[in-house]
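Have a look at the structure below, then the notes.
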Amino acid sequence: MVMDKIERRVIMASLVLMGLFVFSLLYAKNKYKSNVPECLPYDKAYTEPKINKIDEKTYEVFSVASMWQFQPSEIYIPVGSEVDFYLTSKDVVHGFNISDKNINMMAVFGAINKTTVTFDKPGVYDIVCHEYCGVGHQNMRAQVIVNYPDAK
Ligand code: CUA
């Protein structure tokens, strides 16, 4: 079977492109320390919003999304804290994006997603829902307050 010259070029070009995509994914993963969220087995314990202080710089946040809020809505932590976010939803699918952080998760009913974020700089980090979830979607937000105005 003879392959058309143009067809062969198209196949070669798509292989090169796929290689580039895989390379850029791995490059971004290492350079920006991208963290692929874990999906944990469902456990009702994660459906109660709470902040657990493990030690001075280590926290666990059980974040529960619902129409149209995140609970807890204010998370006070000191600079340099490492936070494990466990995320679930009480109703529809919501998004979970933290400003200035490379975090993009889905809050899904019946599922627990987990990611770890380190907050090295003081400031207020907005958590926003970036998945359209109904009429109150645009008001759905929470905040991580890192030593500002003062840590609680
Ligand atoms: Cu929740 Cu949009």
Side-chain angles (χ1 to χ4, degrees), residues 13-152:
S14 46
L15 286 176
V16 168
L17 265 181
M18 276 194 280
L20 267 175
F21 287 147
V22 172
F23 172 79
S24 40
L25 280 174
L26 295 176
Y27 179 79
K29 185 178 174 351
N30 290 318
K31 171 136 194 222
Y32 302 107
K33 298 190 174 56
S34 303
N35 188 355
V36 179
E38 290 173 57
C39 193
L40 303 180
Y42 186 69
D43 184 335
K44 248 191 160 351
Y46 296 111
T47 61
E48 280 303 311
K50 72 180 138 181
I51 302 168
N52 291 333
K53 183 177 179 178
I54 309 297
D55 63 37
E56 285 307 312
K57 296 269 167 111
T58 316
Y59 292 80
E60 274 180 349
V61 174
F62 292 7
S63 183
V64 180
S66 59
M67 293 172 188
W68 288 276
Q69 60 180 336
F70 290 105
Q71 288 176 295
S73 61
E74 288 183 337
I75 301 156
Y76 289 87
I77 52 169
V79 173
S81 295
E82 188 178 274
V83 183
D84 285 335
F85 285 97
Y86 296 88
L87 177 69
T88 190
S89 169
K90 274 187 186 169
D91 39 51
V92 299
V93 172
H94 298 275
F96 185 91
N97 176 264
I98 304 179
S99 61
D100 296 328
K101 293 286 169 190
N102 203 3
I103 301 299
N104 176 353
M105 285 203 293
M106 294 275 116
V108 182
F109 178 79
I112 312 294
N113 285 318
K114 182 198 170 200
T115 194
T116 304
V117 189
T118 304
F119 294 90
D120 289 325
K121 291 181 189 148
V124 177
Y125 297 79
D126 284 320
I127 298 174
V128 296
C129 177
H130 63 308
E131 182 77 22
Y132 182 70
C133 55
V135 293
H137 162 72
Q138 73 282 358
N139 298 323
M140 190 169 163
R141 56 182 56 235
Q143 288 184 323
V144 181
I145 296 118
V146 183
N147 262 21
Y148 179 80
D150 54 356
K152 272 188 187 166

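Remember, it's 1-based here, ligands and their atoms both numbered in the order they're listed.
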* Spell out, as yes or no, whether a donor-acceptor pair under 3.5 Å connects the side chain of T88 to the backbone of A111. => yes
* Backbone N or O of C129 within a donor-acceptor pair of the W68 side chain at under 3.5 Å? ->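 Side chain of W68 to backbone of C129: no pair is present.
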* **Sole candidate of I77, T116, D120, V117 that passes side chain to side chain contact (heavy atoms under 4.5 Å, CB included) when paired with E82** =>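 The single option meeting the side chain to side chain contact (heavy atoms under 4.5 Å, CB included) with E82 is T116.
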* Asked: Looking at atom 1 (Cu) of ligand 1, is one of the N, O or S atoms of M140 less than 2.8 Å from it?
  ->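 Of the N, O and S atoms in M140, at least one lies under 2.8 Å from atom 1 (Cu) of ligand 1, which means yes.
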* Confirm or rule out an N/O/S atom of H137, from backbone or side chain, lying less than 2.8 Å from atom 2 (Cu) of ligand 1. =>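 Here the distance criterion (N, O or S atom, under 2.8 Å) is met by H137, so yes.
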* Asked: Backbone or side chain, does H130 get an N/O/S atom under 2.8 Å to atom 2 (Cu) of ligand 1?
  -> no
* Asked: Looking at E131, which of its N, O or S atoms is the nearest one to atom 2 (Cu) of ligand 1?
  ->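 Nearest N/O/S atom: O.
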* **Three-point angle C133:SG, atom 2 (Cu) of ligand 1, C129:SG, rounded to the nearest 10°** => 120°
* Asked: What is the name of the N/O/S atom in H94 that sits closest to atom 1 (Cu) of ligand 1?
  -> ND1
* Closest approach of Y59 and P78, non-hydrogen atoms and distance? -> OH-CD, 3.2 Å
* Cation-pi check, K101 to F119: give yes when NZ or CZ is under 6.0 Å from the six-membered ring centre and within 45° of the ring axis, no otherwise. => yes
